Amino acid sequence: MIKVVKFGGSSLASSEQFRKAGDIIRAEDDRRYVIPSAPGKRYANDSKVTDMLYSCKEQADKGEDFSQILCNIRDRYEEIVRGLGISLDLDEEFRTIGDRIREGVVTDYVASRGEYLNGLIMAAYLGIPFVDAAEVVSFDEDGDFDDRRTDKRMAAVLEKLPRAVIPGFYGAKPDGTIKTFSRGGSDITGSLVAKAIHADLYENWTDVSGFLMADPRIVKDPVPITTITYREMRELSYMGATVLHEDAVFPLRKEGIPINVRNTNHPEDPGTMVVESTCNKPRYTITGIGGKKGFASITIEKAMMNTEVGFGRRVLEVFEDAGMTFEHIPSGIDTFSVFVNQHEFEPHEQQIIAGLHRKVRPDMIELESDLALIAVVGRGMRRTRGTAGRIFSALAHAHVNVKMIDQGSSELNIIIGVENRDFEAAIRAIYEIFVVAQL
Ligand code: ASP
């Protein structure tokens, strides 16, 4: 078995956390390739090293003295090295970083040093080879990620190494310039390593025991999800529940490599398995509940719209012309609503109303704002009768008025629109009926 293990920032924020990660890696021989993030927050108001590196570069760009902040960054690493009791001299590394910042090196280089240094420490601590991500993760001249080249180079290098540490978050362009992924991108590196070496499992170690069935800020102690499919995860993550970087999912999905999301602080918890498909029967009808506030709806009413060829297209064209995407388009015989992100809509409001009048000559346009969308997701819903009925009776009991319903054609999700102020109550009511009532 080959397991690729990625540790997030909070799992490597201090020497104490590093030790936990080390114990986890050593506990299984199959955990052969390690992808570290940069040190994250040790406590709520702490700073992530990546953010400190960005500030350092910003200060340098303004011509200000950045030595203090670089010193603070160094302190973070020195604490880890000291606490682990390894002999690793970071003098030379920090001198190079300081010099390169002074020479005006690109921001991505500076940001990437968080992972790079954590990689050096991890390799020294475990006593296994360090592979600089700049050698194996490739971007093209324009800075776009080069999937094929990365796969080839990564496989060629790692084939010869039964174990290695590869820092997350960055790679390099053909001329050697460092380039990072978007924030949280160490997950992507982890998935690329897993893909290139055909790993059996990609373990993503973080500070939560996998995905929870609902947001713990809304529902008290929500039940963890044991198994979730990639499609279910997409539905939930689009509704705000993100544990993994979106772009990390596709390389793995293509190869059918499962992801196990685990908690560094509770390695005894099994975490969540993310799989392409499974015959593992979910314990509950629903897999999870996600949601987001801050939507607006634009409802267009026009008698006989259903007989008008191209009506829907013309409506959507108005949104397209404003450069806007839409979330949902529930429609009735003489009505057509478009749900959009309120924040994005506001600057285009008048342009869109005028556009609609011009293009479809509606009888009436009604706008509603401060709406929330809730996604009830679950592969188990397809087989179960009455899911929608249960959702609506739960919401009625909780005195929540349902503004919109949309069942995805895959029968994998039911989207419910409510007012922002009913958002939490609605999620609690749905959770109660599907989970608490079944416990
Ligand atoms: N350190 C980077 C960030 O803070 C990447 C990562 O942690 O995945 O975004």
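Predicted, not measured: the structure shown is a model, and the values here were computed from it. Basis for what follows: all heavy atoms, side chains included, without hydrogens, waters or symmetry-related copies. In listed order, ligands and their atoms are each counted from 1.
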K.L.:
Any salt bridge linking Arg31 with Glu203? Criterion: basic side-chain nitrogen under 4.0 Å from a carboxylate oxygen.
P.N.:
yes

K.L.:
Taking distance alone, with N or O pairs closer than 3.5 Å, would you say Ser186 contacts ligand 1?
P.N.:
yes

K.L.:
Are Phe326 and Phe295 an aromatic pair, judged by ring center distance below 6.0 Å?
P.N.:
no

K.L.:
Are any of the heavy atoms in Gly184 under 4.0 Å away from ligand 1?
P.N.:
yes

K.L.:
Could you list the atoms of ligand 1 found under 4.0 angstrom from a heavy atom of Ser37?
P.N.:
6 (C), 7 (O), 8 (O)

K.L.:
If I apply the N/O under 3.5 Å rule, does Lys48 come out as touching ligand 1?
P.N.:
no

K.L.:
Provide the number and element of each atom of ligand 1 under 4.0 Å from a heavy atom of Glu115.
P.N.:
1 (N), 2 (C), 5 (C), 6 (C), 7 (O)

K.L.:
Quick one: does Gly185 get a heavy atom under 4.0 Å from ligand 1?
P.N.:
yes

K.L.:
Just how far is it from atom CE of Met273 to atom CZ of Phe211, taken to the nearest 0.5 Å?
P.N.:
12.0 Å

K.L.:
Checking the side chain of Asp422 only, and the main-chain atoms of Ala426 only, is there a donor and an acceptor separated by less than 3.5 Å?
P.N.:
no

K.L.:
So, regarding Phe169 and ligand 1 (criterion: nitrogen or oxygen to nitrogen or oxygen, under 3.5 Å), is there a contact or not?
P.N.:
no

K.L.:
Looking at Lys57 and Asp61, is there a salt bridge between them, counting it only when a charged N and a carboxylate O are closer than 4.0 Å?
P.N.:
yes

K.L.:
With heavy atoms of Arg183 as the reference, note each atom of ligand 1 found under 4.0 Å away.
P.N.:
3 (C), 4 (O), 9 (O)

K.L.:
Could you state the interatomic distance from CE (Met122) to CZ (Phe18), rounded to the nearest 0.5 Å?
P.N.:
4.5 Å

